[in-house]
Amino acid sequence: MNHLIPLPASLLPTQLEFQLGPDTQILVAPATPETLRVSEFLAAALRRATDYALPIVPDPPAHARDQIFLTLHDDSTLGAEGYELNLTPDGVFLRAQTPAGLFYGIQTLLQLGAPLSAQEPKTWRAATGSIRDVPRFAWRGAMLDVARHFFSVQDIKRYIDWLAAYKLNRLHLHLSDDQGWRIEIKTWDKLATIGGSGSVGGKKSGYYTQDEYRELVAYAAERFIVIVPEIDTPGHTNAALAAYPELNCDGVARELYTGIEVGFSSLCLDKEITYQFLEDVIRELAALTPGEFIHIGGDEAHATDKTAYTQFIARVETIVEKYGKRMVGWEEIGQTKISARAIAQLWRGEYGAQAIQQGAQVILSPGKHAYLDMQYNEQSPLGLHWAGYVEAQDAYAWDPATFSADIGESNILGVEAALWSETLLTFDDITFMAFPRLTAIAEIAWSPQAARNWESYRQRVAAHGARWQALGLHFYRSPQIDWE
Ligand code: IFG
């Protein structure tokens with residue numbers, strides 16, 4: 001029980017052992033399509049580890065020994081995502097108020113099984129004890145920039161699998177920028193066909209068709225992860241400006257851009273066609289996105305007139321709300337007039353207070369802790385370092401509630417690890433930058449601050465390294481951690 005990440009809210013080991021047997025069954029009550037689907041995640045993982053049948057038994061008649069019981073139970077203290085997990089030598093009892101809570105309890109149970117590397121074939125054992133667990137923050141996010149370099153549906157699904165294993169529940173896809181537009185928009189088809197044909201260095205272009213995006217949304221939703229699509233505006237728009245001359249103030253299409261400068265592009269805010277463009281994009285994106293959030297960017301609009309920017313953000317929020325969604329934006333939107341439903345994402349820590357003064361909530365992604373594209377150190381082969389070097393301890397040892405004097409716990413919706421892809425080409429590049437820092441952010445997002453400390457995390461994550469190694473996950477062997 002001593003290597004769980006994220007650390008549960010409460011944990012009481014009882015120093016015995018539960019061992020899966022060939023006759024073990026997974027009993028589910030009530031057996032609904034959701035609880036049966038969630039149970040399948042557990043059954044599939046345990047079958048892989050043992051080759052046991054592990055049948056799922058819906059609404060079992062009575063209790064029996066050596067079984068795993070999954071039950072839904074009205075318990076408001078567990079909330080929408082909490083669970084209780086009790087392991088005894090005679091059986092495992094997992095209960096939650098929602099299927100999401102069962103899903104998170106299953107992630108914990110799977111971590112309790114002895115690490116794959118230490119596993120004799122055909123056994124699955126777990127230390128006994130009782131866990132009662134609820135998340136600290138509702139927004140536990142990871143952002144992936146698929147605009148600088150494009151990543152396949154398969155790569156995104158593999159990343160989603162890892163987010164789910166660490167109880168993250170938001171995947172923010174940065175779908176457009178100066179170098180690339182990555183989502184098919186039917187009313188403006190050149191956004192993807194032309195805007196999607198570029199990338200940093202011209203090496204990895206492409207885009208998601210609307211069906212592929214729906215596939216990602218569904219795959220994430222099965223793992224209780226909400227996809228948050230970002231169309232960055234009014235800056236970071238060169239790919240759209242390359243696709244449509246009429247979106248440019250001078251009516252001339254821009255060249256595709258393959259560098260990594262920022263802040264040079266802007267939509268033409270005094271042209272009505274710009275707002276038709278935005279309405280069409282947001283309408284189509286909202287129809288594809290069951291989640292309640294649409295991210296409209298708003299960062300580094302250095303090429304946009306300040307007054308025009310302020311009017312622009314207000315007008316975009318009206319459009320987002322018209323299609324039933326809540327506007328998320330980088331913290332610069334805090335300088336403008338936003339509604340209390342808006343969400344400001346901190347990255348430099350300059351405008352959070354102004355957003356909160358308007359009743360908005362914030363997500364914390366501070367560059368010096370949560371930007372996973374920051375180099376670990378001067379020797380790191382990948383990443384940038386405008387926010388400094390970010391080693392594992394820098395990602396872990398901070399508290400969102402004391403990060404800024406103007407921002408208290410109640411203002412914070414959650415935290416999000418941002419991974420920009422200027423210097424990333426492959427899935428291994430993504431995971432090298434993400435692990436072991438994404439798991440640090442996942443623990444900050446889930447676990448009680450009082451229970452967290454770097455010494456404990458560095459020991460626990462060492463055990464995860466053994467499992468990542470066994471599963472072929474490419475990660476950074478930080479010298480701050482004594483990897484197993
Ligand atoms: N800032 C830019 C990103 C990206 C990043 C790389 C934000 C909100 C630097 N904007 O972070 O587009 O270039 O670290």
Side-chain angles (χ1 to χ4, degrees), residues 143-152 155 172-183 185 188 190-208 230-245 247-269 274 277 281 295-305 309 329-330 332 345 347-348 365 367 371-376 378-390 418-430 432-433:
M143 186 219 82
L144 186 60
D145 169 10
V146 294
R148 278 41 185 272
H149 285 104
F150 180 65
F151 292 93
S152 68
D155 283 347
H172 165 181
L173 287 176
H174 185 77
L175 292 166
S176 70
D177 212 299
D178 290 320
Q179 298 85 350
W181 182 286
R182 304 298 182 207
I183 176 72
I185 297 293
W188 296 73
K190 292 188 177 69
L191 290 171
T193 55
I194 294 178
S197 67
S199 70
V200 168
K203 283 187 264 210
K204 276 202 80 183
S205 57
Y207 62 88
Y208 306 115
E230 178 187 352
I231 297 297
D232 203 343
T233 63
H236 288 274
T237 42
N238 185 75
L241 298 170
Y244 286 95
L247 287 177
N248 295 268
C249 282
D250 60 8
V252 177
R254 291 298 175 270
E255 291 302 311
L256 281 173
Y257 177 65
T258 60
I260 63 169
E261 294 304 312
V262 297
F264 59 86
S265 60
S266 175
L267 292 173
C268 185
L269 302 195
T274 297
F277 159 75
V281 169
H295 199 306
I296 54 86
D299 63 309
E300 299 182 318
H302 306 321
T304 309
D305 168 78
Y309 176 83
W330 296 102
E332 288 91 327
Q345 182 165 9
W347 62 288
R348 304 181 72 101
S365 301
Y371 265 38
L372 307 188
D373 66 310
M374 290 302 111
Q375 289 172 278
Y376 288 102
E378 292 101 285
Q379 283 72 44
S380 293
L382 302 170
L384 306 171
H385 59 268
W386 63 267
Y389 296 108
V390 179
L419 184 51
W420 299 96
S421 65
E422 282 92 339
T423 64
L424 310 183
L425 278 174
T426 66
F427 186 73
D428 279 356
D429 290 350
I430 288 175
F432 179 80
M433 298 305 270

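Computed over heavy atoms, backbone and side chain alike; hydrogens, waters and symmetry mates excluded.
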Listed partners of Asp373 passing salt bridge (charged side-chain N to carboxylate O under 4.0 Å, His left out), at least two apart: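 Testing Asp373 for salt bridge (charged side-chain N to carboxylate O under 4.0 Å, His left out), a comparison that skips the adjacent residues, returns none.
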
Going by the rule salt bridge (charged side-chain N to carboxylate O under 4.0 Å, His left out), which residues pair with Arg182 if we only count those two or more places apart in sequence or in a different chain?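 For Arg182 there are no salt bridge (charged side-chain N to carboxylate O under 4.0 Å, His left out) partners, ignoring immediate neighbours.
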
Can you say whether the rings of Trp330 and Trp347 are parallel (under 30°), tilted (30 to 60°) or perpendicular (over 60°)?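 Correct class here is perpendicular.
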
Report the relative orientation of the aromatic rings in Phe277 and Trp188; use parallel for angles under 30°, tilted for 30 to 60°, perpendicular for over 60°.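 Perpendicular.
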
Does some side-chain heavy atom of [Y] sit less than 4.5 Å from a side-chain heavy atom of [X]?
X: Thr258; Y: Leu256; answer: no
X: Ile183; Y: Ile231; answer: yes
X: Asp299; Y: His236; answer: yes

Give me the atom names and distance for the closest heavy-atom approach of [X] to [Y].
X: Phe150; Y: Ser205; result: CD2-O, 3.5 Å
X: Phe151; Y: Asp155; result: CD2-OD2, 3.8 Å
X: Thr274; Y: Leu247; result: CA-CD2, 4.3 Å

Any donor-acceptor pair under 3.5 Å linking the side chain of Arg148 with the backbone of Val146?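 No: the side chain of Arg148 does not pair with the backbone of Val146.
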
Using only atom types and a distance under 3.5 Å, with no angle test, would you say the side chain of Lys204 pairs donor to acceptor with the backbone of Leu425?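 Such a contact is found between Lys204 side chain and Leu425 backbone.
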
How many angstroms lie between CD1 in Ile260 and CG in Asp178, if you round to the nearest 0.5 Å?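 One finds 12.0 Å between CD1 of Ile260 and CG of Asp178.
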
Atom OH in Tyr207, atom CG in Leu175: separation rounded to 0.5 Å?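 So the OH of Tyr207 and the CG of Leu175 are separated by 14.0 Å.
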
side-chain contact (heavy atoms from CB on, under 4.5 Å) assessment of Leu372 paired with Trp420: CA-CA 8 Å; Leu372 307 188; Trp420 299 96; over 6 Å; no

Distance-only donor-acceptor check, side chains Glu422 and His149, under 3.5 Å: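 Looking only at side-chain atoms, His149 and Glu422 do not form any donor-acceptor pair under 3.5 Å.
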
Can you find a side-chain donor-acceptor pair between Ser176 and Asp232 that sits under 3.5 Å?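 There is no such pair between these side chains.
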
Show the numbers, then the answer: is there a side-chain hydrogen bond (donor to acceptor under 3.5 Å, both in side chains) between Ser199 and Gln179? CA-CA 5 Å; Ser199 70; Gln179 298 85 350; over 6 Å; no

Take atom CD in Glu255; do more than 12 heavy atoms of anything else shown fall under 6.0 Å from it?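 Open.
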
Does Leu382 have any side chain to side chain contact (heavy atoms under 4.5 Å, CB included) partners at least two apart in sequence or in another chain, and if so, which?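 Once residues adjacent in sequence are excluded, the partners of Leu382 under the side chain to side chain contact (heavy atoms under 4.5 Å, CB included) criterion are Thr423, Leu424, Asp429, Phe432, Met433.
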
Sole residue of Trp386, Tyr389, Tyr376 in ring pair (Phe, Tyr, Trp, His ring centres under 6.0 Å) with Tyr371: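 Of all the options given, the one that passes is Trp386.
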
